[in-house]
Amino acid sequence: MNKNLVSLMEKMTLDEKIGQLIQLATPFYMGATDRGQITGPMVGMGIDDNVVLNSGSVLGASGANEVINIQQQHLKENRLGIPLLFMSDVVHGYKTIFPVPLAIGCSWDLELAEKSAEIAAYEAAVSGVHVTFAPMVDLVRDPRWGRVMESTGEDSYLNSQFAKAQVRGFQGTDMTKDHKRVASCVKHFAAYGAPEGGRDYNTVNMSERELRETYLPAYKAALNAGSEMVMTAFNTVDGIPATGNKQLMRDLLRDEWNFDGVIISDWGAVKELIPHGIASDEKEAALKAIKAGVDIEMMTACYVKNLKELINNGDIDEGLINESVLRILQLKQKLGLFDNPYRGADARLEQEVVMSDAHRQVSRELATKSIVLLKNEAILPLHKHQKFALIGPFASSNDILGPWSGLGSKDDAITMNEGLRTKLGDSHLLVAKGCDVETRTDSQLNEALLAAKDADVIVLALGEDSEMSGEAGSLTDIRLPQVQLDLIKKLKELGKPIVTVLFNGRPLDLHGVIEHSDAVVEAWYPGTEGGVAIADLLFGDVNPSGKLTMSFPDSVGQVPVYYNHFNTGRPKGAPDAQERYISQYLDSPNEPLFPFGYGLGYTTYTYNNMRLSATEMTAEKPITLTVTVKNTGSKAGVETVQFYIRDLVGEVVRPLKELKGFKKVHLQPNEEKEISFTISEKQLRYHHSNLEFSSDSGKFIAYIGPNSRDVQAIPFELLK
Ligand code: GLC
């Protein structure tokens with residue numbers, strides 16, 4: 001630990017040290033121009049302005065001028081001149097908004113994901129932000145949960161790759177010098193994406209083995225990539241709220257993983273230990289959280305109101321406070337704040353950098369790669385000489401940034417209407433809403449039918465309002481709103497081709513859409529450049545390459561449904577399977593409508609000549625899996641070749657498939673390339689019943705294909 005920081009801390013009073021452990025939102029700093037005032041928020045929280053002037057960090061500041069003003073005021077009042085840390089939710093862009101992370105995941109493009117994080121960091125840093133509350137790496141398998149849009153999907157290997165890419169993009173290699181970067185805070189630790197019933201903030205129940213095998217790898221990957229902070233989750237983990245869970249933070253994060261960065265609670269999560277039922281009051285909540293390892297309490301005041309008494313009563317040692325203070329001071333030093341408390345904040349540069357054309361171009365490119373073509377019956381790409389009726393609640397909607405779009409403004413978003421006009425001009429495009437997201441008037445419907453009658457092709461823009469996903473956006477019914485299903489059926493009666501574009505933050509039950517559409521394009525929330533990116537794809541200027549990273553269930557009744565599931569003792573489809581007494585539904589297939597890794601394009605690929613360098617391997621002697629991929633269509637394209645493994649017999653049951661690698665390959669028409677993957681013993685390791693992470697000798701199957709379903713298989717053996 002840096003001696004200067006220790007000597008600084010030794011100068012601090014106990015109140016000043018405890019002040020470092022609270023994070024308050026900007027209104028606490030804006031109101032009190034002269035320090036006698038108690039602003040509204042302080043009254044509500046029961047704190048006085050001494051807490052504010054001793055506080056350690058600010059939540060949600062936006063704009064260089066605002067940050068500079070708050071910091072200037074603070075440095076005047078803070079006795080030792082300790083600068084504030086400014087933290088914000090820069091999740092998929094600061095003001096130039098990129099597609100939501102679930103869409104970015106579908107790009108399978110780690111370099112572009114890293115680039116988008118770098119741009120987000122730059123725009124945030126010149127606007128005065130020091131830390132972003134990202135990446136969110138919670139693994140998700142339940143589309144009822146509104147925050148699936150914030151994750152990169154259902155696979156821990158892929159989520160781990162994206163976690164590393166985002167941390168690299170946010171932080172770069174030297175945040176102290178590089179003031180175009182920000183520190184990252186990986187969240188939400190841990191397993192927030194597995195709430196029972198898909199209901200936000202609900203109980204998470206799983207074994208420690210499942211937690212380590214499936215849910216923890218992406219957090220570990222973010223920390224291995226150097227993420228400076230961790231945010232605790234709202235949920236319980238094995239009966240103990242994450243924010244008061246010593247096993248999770250001190251035993252695992254600190255002692256086992258050697259994480260020495262700052263741990264911050266989620267908003268109000270320290271005080272929520274009371275309704276959770278492991279604390280009887282704010283004092284006990286403070287005791288449990290500080291003992292469990294939370295350094296900063298976000299937006300509640302259990303620490304500032306109780307830690308002093310807990311120390312004076314001997315309930316906790318002041319050393320616990322000192323540890324947290326030093327970690328926070330260390331982060332401030334790492335960000336260079338003691339040398340320059342304004343760091344990257346620069347109002348002039350902000351004007352130049354934020355929302356620059358270059359940044360918007362990257363957002364457009366990432367959007368075209370994140371959009372997934374789910375169905376195409378020879379209708380796409382469209383031809384500009386045709387006449388189009390653009391119909392639906394998202395035809396001219398700018399609600400396409402999605403939740404957690406930070407400082408992004410919908411006014412900057414390019415709508416589908418604008419995007420199509422860039423390709424068509426005005427003469428070939430009729431636009432009518434047909435309905436709103438959840439309501440409809442007869443005149444809306446009639447207007448749409450009129451427009452459709454005059455068109456060659458109907459382009460439907462349907463979806464969810466962005467408030468229908470995101471935090472606290474859980475749904476039990478994941479179909480589109482009925483008025484939209486009615487609209488598509490009505491339009492279908494006209495007998496014209498229908499291309500449906502979806503704007504949504506979760507996998508949907510697409511019955512009522514898929515059968516009536518000649519093509520279905522999953523656009524998610526595509527970000528600031530969404531309208532032009534979609535137009536690029538619809539007219540073939542870009543060949544779709546997106547692949548799903550979260551399964552689309554056939555219906556919500558299947559949930560959770562995911563590709564890397566276990567076989568069960570009575571697998572449906574087994575050679576000796578009985579008619580009835582097997583693991584199946586009487587009213588639904590077992591398989592999702594669209595599986596993990598699925599996505600179409602405007603060309604076709606063949607996978608041939610799959611082969612192994614040897615059929616037996618050892619820890620010392622890995623083997624190589626190779627396949628020849630050929631573009632057999634008429635358009636150049638990018639194929640994401642996916643490599644899966646199955647461990648046929650384990651000490652515990654093993655998934656039918658696990659993604660172990662992927663490669664994006666660009667192929668011209670008729671071009672073919674050999675794609676190879678190394679199979680190493682490390683990739684075959686898993687958590688055994690005693691939690692030992694190791695591999696077993698035995699038989700395996702390697703799979704290769706364009707998605708997790710349509711694969712070719714080849715056996716091999718690991719010898720010990
Ligand atoms: C929210 C979210 C968290 C976010 C925090 C600060 O409740 O759960 O992801 O970073 O508050 O806005």
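Order of listing sets the numbers, starting from 1, for every ligand and every atom in it.
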Please confirm whether R147 comes under 4.0 Å of ligand 1, counting heavy atoms of the residue only.
yes
Contact with ligand 1 for H188, non-hydrogen, under 4.0 angstrom
yes
Does the side chain of Y303 come under 3.5 Å of the side chain of Q20 through a donor N or O and an acceptor N or O?
no
Do you see a donor-acceptor pair shorter than 3.5 Å between the side chains of T300 and E297?
yes
Under a 4.0 angstrom heavy-atom cut-off, which atoms of ligand 1 come close to [X]?
{"X": "W267", "result": "7 (O), 11 (O)"}
{"X": "F133", "result": "10 (O)"}
{"X": "F234", "result": "7 (O), 8 (O)"}
{"X": "K187", "result": "3 (C), 4 (C), 9 (O), 10 (O)"}

With backbone taken as N, CA, C and O and side chain as the heavy atoms from C-beta onward, which portion of M136 lies under 4.0 Å from ligand 1: side chain, backbone, both, or neither?
neither
Kindly confirm or rule out an N or O of D89 lying under 3.5 angstrom from an N or O of ligand 1.
yes
Nearest non-hydrogen protein atom to atom 11 (O) of ligand 1, with distance, is D266 OD1, 3.1 Å
Residues passing the side chain to side chain donor-acceptor pair (under 3.5 Å) test with S184, sequence neighbours excluded, are Q171, S227
Listed by chain and number, what are the side chain to side chain donor-acceptor pair (under 3.5 Å) partners of T528, not counting sequence neighbours?
none
Report the relative orientation of the aromatic rings in W108 and F596; use parallel for angles under 30°, tilted for 30 to 60°, perpendicular for over 60°.
tilted
Keeping S151 on the side-chain end and G153 on the backbone end, is there a donor-acceptor pair under 3.5 Å?
yes
Steps toward ring-ring contact (aromatic ring centres under 6.0 Å, His included) verdict (Y192, W145):
CA-CA 10 Å; Y192 178 38; W145 190 49; 4.8 Å; yes
